[in-house]
Enquirer: 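Have a look at this one before I ask anything.
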There are 2 protein chains.
Amino acid sequence: MAKSGTRIQKKNQAAILEAGLDVFSQFGFRGSTIDQVATKAGLSKPNLLYYFPSKEAIYTALLAQLLEDWLEPLKALDRDGDPVEELMAYAKRKLDMSQHYPKESRLFANEIIQGAPRIGDVLKGELRALVEEVSDVINGWAEAGRIRPVNPYHLVFTIWAVTQHYADFDVQVRAIMGDVDPFDSAERHLDDMLRQMLSV
Amino acid sequence: MAKSGTRIQKKNQAAILEAGLDVFSQFGFRGSTIDQVATKAGLSKPNLLYYFPSKEAIYTALLAQLLEDWLEPLKALDRDGDPVEELMAYAKRKLDMSQHYPKESRLFANEIIQGAPRIGDVLKGELRALVEEVSDVINGWAEAGRIRPVNPYHLVFTIWAVTQHYADFDVQVRAIMGDVDPFDSAERHLDDMLRQMLSV
DNA sequence: CGTTGCTTTGACCAGTTGGTCAAATATTGC
DNA sequence: GCAATATTTGACCAACTGGTCAAAGCAACG
């Protein structure tokens with residue numbers, strides 16, 4: 001997407017996307033201004049618009065890039081692996097993403113909360129198909145007696161909800177837990193929860 | 001808050017708050033306009049501003065009203081009740097709120113994701129104290145051997161995350177599950193999950 | 001009926017917003 | 001060093017934003 005171009009183009013496009021992530025993830029699309037993004041990227045507004053044709057273009061570029069990273073871990077679920085370990089590894093990976101890429105998580109959350117006007121099709125298409133596949137795998141595991149029977153959709157939702165909570169509601173989590181880092185204990189909790197829920 | 005006044009005042013104030021909930025929960029504070037709220041409330045912009053002094057005032061009124069309803073179920077946790085039933089009843093109540101008041105949930109989510117600029121103090125004060133109390137109760141139950149030992153903070157976060165997910169990410173949940181109503185199966189899943197996690 | 005106070009509105013304002021454009025400035029390849 | 005190209009900028013614009021205000025409409029009470 002942002003491949004071609006001179007060094008300076010690459011540098012500025014990257015700076016814009018990073019700044020855009022900062023701003024959009026905090027204020028949502030409508031709540032953000034080009035000027036905010038430009039300033040944070042160290043550019044003037046017309047200069048930013050030399051690299052991206054519009055505010056919308058920056059936002060959709062971010063969203064497209066994000067969606068790839070978002071769907072990828074789900075694809076890594078291996079039906080031939082150990083069921084409990086596979087699911088716990090997936091959850092752990094999602095939790096790591098919340099810890100290390102919280103802005104991406106919040107950008108996504110903002111978009112979904114606002115009704116997913118730009119990625120509704122991806123949700124109903126690619127994501128839905130992917131979850132259906134995963135659902136089959138989980139059901140297979142359950143039928144083979146390798147995990148407790150669970151509703152696979154809600155299991156996936158639960159993993160998403162819990163892991164993303166630590167990114168999206170970070171400020172609330174920290175307000176409640178104080179100075180303790182939430183992620184260490186969160187990982188143990190998640191581990192325990194899934195093991196308890198899935199072990200036969 | 002909106003008690004005094006004539007019938008017409010009450011009617012219009014209520015209409016404004018309802019419209020404000022609609023708009024703010026979808027677009028966040030900065031992404032919403034007074035005009036949107038006014039139109040949705042069936043009023044002209046100056047007329048709306050006759051009842052509320054500013055956009056901010058509508059928003060904070062909503063937030064204040066919301067916070068009460070939000071904290072109340074937590075207070076209802078009874079340390080003398082049956083531990084598993086108490087926690088499951090709390091989770092069920094939160095899930096019901098997600099089902100019947102999704103906009104409230106999304107308004108809250110928007111505010112938190114954007115850094116809780118207006119309710120940071122409540123989070124660090126009242127909410128934190130409340131969760132600390134609940135945490136003591138849960139720890140007490142665990143020490144008495146009435147539930148499995150769990151990290152009480154993360155247990156509470158898990159209940160919040162999972163239940164609110166069905167309101168905040170409603171569009172994603174429905175995109176994936178299709179025409180099936182998520183809430184019936186979600187309730188069973190939540191029930192099963194908590195029982196599995198907490199039963200000794 | 002008329003007056004008093006509540007309600008509604010059109011016109012308006014200053015600041016912000018997304019976006020344009022021509023001109024100025026840097027960079028690059030020769 | 002110079003021409004071609006890429007980058008940056010100040011000035012600008014129309015639309016929109018939150019908010020004001022004086023005047024008009026309306027209800028109710030005597």
Enquirer: With a 4.0 Å heavy-atom cut-off, tell me which residues in residues 19-43 of chain B come close to DNA chain C, sorted by residue number.
Expert: none
Enquirer: Among C:dG19, C:dT8, C:dG10, which is the nearest nucleotide to the side chain of B:Asn12?
Expert: C:dT8
Enquirer: Let me see the working for A:Arg79 and A:Asp136 under salt bridge (charged side-chain N to carboxylate O under 4.0 Å, His left out), right down to the final yes or no.
Expert: CA-CA 9 Å; A:Arg79 66 180 347 124; A:Asp136 285 343; over 6 Å; no
Enquirer: Could you give the CG-to-P distance, from A:Leu48 to C:dT17, as a whole number of Å?
Expert: 14 Å
Enquirer: Take the protein atom NZ of A:Lys55 and the nucleotide atom C1' of C:dT20, then report the distance between them rounded to whole Å.
Expert: 17 Å
Enquirer: Hey, mind stepping through B:Met197 and B:Ile147 against side-chain contact (heavy atoms from CB on, under 4.5 Å) and telling me if it holds?
Expert: CA-CA 9 Å; B:Met197 198 180 351; B:Ile147 57 169; over 6 Å; no
Enquirer: Toward the 5' end of DNA chain D, which comes first, A:Lys11 or B:Pro53, by nearest nucleotide?
Expert: A:Lys11
Enquirer: For nucleotides 26-30 of chain C, give me every protein contact, N/O to N/O, under 3.5 Å, one pair per line with atom names.
Expert:
{"unit_1": "C:dT28", "atom_1": "OP1", "unit_2": "A:Arg7", "atom_2": "NH2", "d": "2.9"}

Enquirer: Between A:Tyr50 and A:Pro46, name the one whose nearest nucleotide on DNA chain D is closer to the 5' end.
Expert: A:Tyr50
Enquirer: State whether a side-chain donor-acceptor pair under 3.5 Å links A:Tyr59 with A:Glu111.
Expert: yes
Enquirer: For side-chain contact (heavy atoms from CB on, under 4.5 Å), just list the numbers for A:Arg30 and B:Thr33, CA-CA rounded to whole Å, side-chain angles, deciding distance to a tenth of an Å, and then say yes or no.
Expert: CA-CA 10 Å; A:Arg30 291 187 47 174; B:Thr33 71; 4.2 Å; yes
Enquirer: Please give, in whole Å, the distance from D:dA6 C1' to A:Gln9 CD?
Expert: 8 Å
Enquirer: Take B:Val150 and B:Ile138 through the side-chain contact (heavy atoms from CB on, under 4.5 Å) test and state the conclusion after the steps.
Expert: CA-CA 8 Å; B:Val150 291; B:Ile138 295 174; 4.2 Å; yes
Enquirer: Between D:dT17 atom C1' and B:Glu56 atom CD, what is the distance in whole Å?
Expert: 15 Å
Enquirer: Mark yes when over 12 heavy atoms from residues, nucleotides or ligands other than B:Glu18 sit less than 6.0 Å from its CD; otherwise mark no.
Expert: no
Enquirer: Only one of A:Asp82, A:Leu198, A:Val134 forms a side-chain contact (heavy atoms from CB on, under 4.5 Å) with A:Leu87, so which one is it?
Expert: A:Leu198
Enquirer: Rounding to a whole Å, what distance do you find between A:Ile16:CD1 and C:dG19:P?
Expert: 13 Å
Enquirer: Show the nearest heavy-atom pair for residues A:Ser25 and A:Leu21, with the distance to one decimal.
Expert: OG-O, 2.7 Å
Enquirer: Rounded off to whole Å, could you give me the OH-to-C1' distance for the A:Tyr51 and D:dA6 pair?
Expert: 8 Å
Enquirer: Examine D:dT9: is either OP1 or OP2 under 4.0 Å from a nitrogen or oxygen in the side chain of A:Ser44? Give yes or no.
Expert: yes
Enquirer: Could you walk me through whether A:Phe157 and B:Phe169 pass the side-chain contact (heavy atoms from CB on, under 4.5 Å) check?
Expert: CA-CA 10 Å; A:Phe157 294 155; B:Phe169 288 67; over 6 Å; no
Enquirer: Of the nucleotides D:dG18, C:dT7, D:dT9, which one has an atom closest to the side chain of A:Asn47?
Expert: D:dT9
Enquirer: Without decimals, in angstroms, what is the distance between A:Leu49 CG and D:dA6 P?
Expert: 19 Å
Enquirer: Between D:dG19 and B:Lys45, counting only base atoms on the nucleotide and side-chain atoms on the residue, is there a donor-acceptor pair under 3.5 Å?
Expert: yes
